[in-house]
Structures are given as structure tokens and as C-alpha cells.
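Computation of the quantities below employed the complete heavy-atom set of this structure, encompassing side-chain atoms and omitting hydrogens, waters and symmetry-equivalent molecules.
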Amino acid sequence: MLIKHVSDFNIEQIADSGQCFRIDKVTDGKWRLRAFNRELEISQRQEEVRFDCSAEEFDAVWFDYFDMSRDYGAIKSSILALGDEYLSAAVKFGYGLRILRQDLWETIVSFIISQRNNIPKIKNTISKLCHDSVHFPSVAELAEFSDDKLKSCGLGYRAKYVKDLAQNVRNGSFDLDKLKKLNYTQAIDYLKTQSGVGDKVANCVALFGLHKTEAFPVDVWIKRIIDTYYNGHFDASKFKDYAGIVQQYMFYYERAKGK
DNA sequence: TGCCAGGCTTCAC
DNA sequence: GTGAAGCATGGC
């Protein structure tokens, strides 16, 4: 058990932020995260966070996963300094959000599944793909999943997208190592060569799987915010390399308001 | 019980 | 290039 004092971090907000689909609340104050073929229990009280792992594992795996090297306090301050009423409220509300550095393969598959879908069902589908274990299916494994198996996991019409992608990665026509080396614009274009990956999914992959924090995924929620509070015009590029973080505060705040 | 969900592809025009 | 239809499935 490792106890750390972490500011600008709230595991409940992160778990409910819609960027990852394998963090579940176990009991009050305790969450279970599955990633990288590992399982991690996390509990939190104020800024005291308990990670159920060794210091070595934390430094090797989870420090980067939770983006611990980034100063979110400074980013929030610069957003608040803009004096934008909506963004200020969003930042204050989602004060403990972070952009996770997730596994690239899992992120692409997860966000293909996310299209025209709701978060509880996305989580359920991914859990079934994993056989409710810590193991997310590899490229080779997913390429071999039968259509019936994918359908029984609840992928619906997205089954073909996922299977084609897995087969393309396996046979080398879509190269994840190449993708990792591309800049933001190149990565978006390359991702969109795959069937089932459009602008929104590509931007989610860039943000959550490649950690291109200039990515600004525009989904129905963000569209609604822009239409309602910004008269249909919102230039995310002014935020440069933290546009994606701004997006996450907006998304989380707007969704929470609807509940 | 329908409506809708972190969109995308296809096909008119 | 823009716009609208169609899409599988289950949570609510």
C-alpha cells in the first residue's frame, strides 16, 4: 500500500469522466482500475490517495498513467485567468480531472465502440470483451474473435470496424508504432484511414491514447456547449497544448449538470 | 415503451 | 462540399 498526497486529483471524477471505461467503484471511497494487464485499487480521502501497489510499480506504471508530471494547478490557473464564466465554472467543478495516458490499442478499440453509444453500455461491452478479467484482448486475439462472439459482447454494427482494424494491425497495413511517432495532424489523418474512425474518435485516440493534449474532440456534448454558451463559435486552438484538458473540464461539467 | 447514446459511412444533390 | 438516412444494441 502506497499513500501519496496528490493535489488536482480526484479518482471519482476521473472514473466518471468518460475517457476510460475500466475504472469501477468497488465500495464507498474505493475504486478498481484495470489497465496494462494489471489491476490497481485506489482509495481517496481529500488529497490523501492510497494506491494498492508498491512504490516501484507506481513509479514504473501508474505515475505516467495518471499524468503525474503535469502541473494541472498551473493549467487551471491559466484557464481561470481568461475570465470565461463557463470555463471557470467547469474548471472549479472538475478540479480533480486528469488526462490519463492509456494504452493505445485499448483506446482505439474503446472509442470505436463509444460511437453512438452510452457510457454504461460501452463499459459493459468492454468488460465482456475482456471476459470480465484484467486482460484486454490483444490485436491477435481480437483479429480472431468470431462475428458471433463480437456480437455477443454487444458491439452491434461496430463489430466489423473493430475486426477490420485488428486484422489491419496484425497484417501490418495499419502500424501502431508508426502512429506513435506522428505529430497531431498526421496522427488524425492516419487514424481516419480506418473504417469506423472519424474526426471525433480520432481526436479521442489522439488525446487519451497518444497524449496529444492539443486534440479537442467535439462530440454532441461539446457541440451543445458551444451552441448554448458560445453562440456556435469556439476556437479551441487558442489553448494550444492544453485544448484537450479544457475539453475534458467542459465535457465533465456539462454532463454532470444534466444529471 | 420508446427514446437515445463521447458518430460514422454511404449516397443523393 | 453539404445534408440526410441508416445503423445494432441495451440503458434509462
Side-chain angles (χ1 to χ4, degrees), chain A residues 13-25 90 93-94 97-104 106-130 132 142 145-168 174 187-230 232 234 236 243-259:
Chain A
Q13 293 181 356
I14 292 168
D16 195 32
S17 68
Q19 62 177 304
C20 54
F21 304 103
R22 293 206 293 156
I23 303 181
D24 296 296
K25 192 170 193 171
F93 185 78
L97 288 169
R98 282 172 174 264
I99 304 293
L100 303 176
R101 294 176 183 256
Q102 302 187 66
D103 174 73
L104 177 59
E106 177 174 337
T107 304
I108 302 176
V109 174
S110 297
F111 279 93
I112 285 177
I113 292 169
S114 79
Q115 68 178 257
R116 199 180 158 80
N117 214 336
N118 59 55
I119 291 177
K121 182 159 175 285
I122 298 164
K123 292 183 73 163
N124 187 256
T125 295
I126 291 170
S127 177
K128 285 179 181 167
L129 278 180
C130 298
D132 199 28
L142 261 180
F145 272 31
S146 70
D147 294 345
D148 281 349
K149 186 175 172 70
L150 288 172
K151 195 166 281 186
S152 71
C153 293
L155 272 80
Y157 71 93
R158 311 165 196 84
K160 180 171 170 47
Y161 298 153
V162 169
K163 189 159 184 179
D164 285 352
L165 174 72
Q167 292 179 342
N168 289 343
F174 189 72
I188 295 295
D189 288 344
Y190 191 52
L191 280 160
K192 284 164 74 174
T193 63
Q194 296 305 293
S195 185
V197 180
D199 206 53
K200 189 269 173 182
V201 170
N203 272 279
C204 284
V205 172
L207 183 57
F208 305 127
L210 294 165
H211 217 72
K212 306 285 190 194
T213 48
E214 67 265 53
F216 189 84
V218 177
D219 68 340
V220 290
W221 291 95
I222 299 297
K223 273 200 193 86
R224 199 173 303 153
I225 294 168
I226 293 173
D227 287 343
T228 307
Y229 302 99
Y230 295 94
F234 188 86
I245 300 171
V246 172
Q247 191 271 5
Q248 196 65 7
Y249 290 126
M250 295 166 76
F251 176 79
Y252 182 77
Y253 179 52
E254 194 65 20
R255 259 183 25 101
K257 284 203 297 181
K259 287 178 182 170

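The distance from atom CD1 of A:Ile99 to atom NZ of A:Lys212, rounded to the nearest 0.5 Å, is 14.5 Å. How far CZ of A:Phe145 is from SG of A:Cys153: 6.0 Å, rounded to the nearest 0.5 Å. With values rounded to the nearest 0.5 angstrom, A:Lys149 atom NZ is found 8.0 Å from A:Leu129 atom CG. Here the straight-line distance linking atom CG of A:Leu207 with atom OG1 of A:Thr107 works out to 10.0 Å at 0.5 Å rounding.
Only the P atoms considered, C:dG6 is 16 Å distant from B:dC3, to the nearest whole Å.
At the heavy-atom level, A:Ile122 lies nowhere under 4.0 Å from the strands shown. A:Phe111 comes within 4.0 angstrom of a nucleotide base, judged by non-hydrogen atoms across all strands. Counting non-hydrogen atoms under 4.0 angstrom, A:Ser17 reaches a base of the nucleic acid. Within the nucleic acid shown, A:Phe208 comes within 4.0 Å of at least one base atom, counting heavy atoms only.
Rounding to whole angstrom units, NZ of residue A:Lys223 and P of B:dC8 are separated by 8 Å. Per the geometry, NZ belonging to A:Lys128 stands 11 Å off P belonging to C:dT9, to the nearest Å.
Comparing B:dG7, C:dC12, C:dT9 against the side chain of A:Pro120 picks out C:dC12 as the nearest. The nucleotide whose nearest atom lies closest to any side-chain atom of A:Lys151 is, among B:dG6, B:dT9, C:dT9, C:dT9. Picking from B:dG7, B:dG6, C:dA8 the nucleotide with the shortest atom distance to the side chain of A:Arg158 gives C:dA8.
No donor-acceptor contact under 3.5 Å links the side chain of A:Tyr252 to the base of B:dG6.
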Report, one line per pair, each donor and acceptor closer than 3.5 Å where one atom sits in a side chain of residues 111-124 of chain A; sequence neighbours left out.
| unit_1 | atom_1 | unit_2 | atom_2 | d |
| --- | --- | --- | --- | --- |
| A:Ser114 | OG | A:Phe111 | O | 2.8 |
| A:Gln115 | OE1 | A:Tyr157 | OH | 3.2 |
| A:Gln115 | NE2 | A:Ile112 | O | 3.4 |
| A:Gln115 | NE2 | A:Gly196 | O | 3.0 |
| A:Asn117 | ND2 | A:Ile113 | O | 3.0 |
| A:Asn118 | OD1 | A:Lys121 | N | 3.0 |
| A:Lys121 | NZ | A:Gly154 | O | 3.3 |
| A:Lys123 | NZ | A:Ile23 | O | 3.0 |
| A:Lys123 | NZ | A:Asp24 | OD1 | 3.1 |
| A:Asn124 | OD1 | A:Lys128 | NZ | 3.4 |

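Within a heavy-atom distance below 4.0 Å of DNA chain B, the residues of residues 192-203 of chain A found are A:Gln194, A:Ser195, A:Gly196, A:Val197, A:Gly198, A:Asp199, A:Lys200, A:Val201.
Checked against the 6.0 Å centroid criterion, the rings of A:Tyr190 and A:Phe174 qualify as a close aromatic pair.
Dense packing is recorded around NZ of A:Lys25, with more than 12 heavy atoms of other residues, nucleotides or ligands lying under 6.0 Å away.
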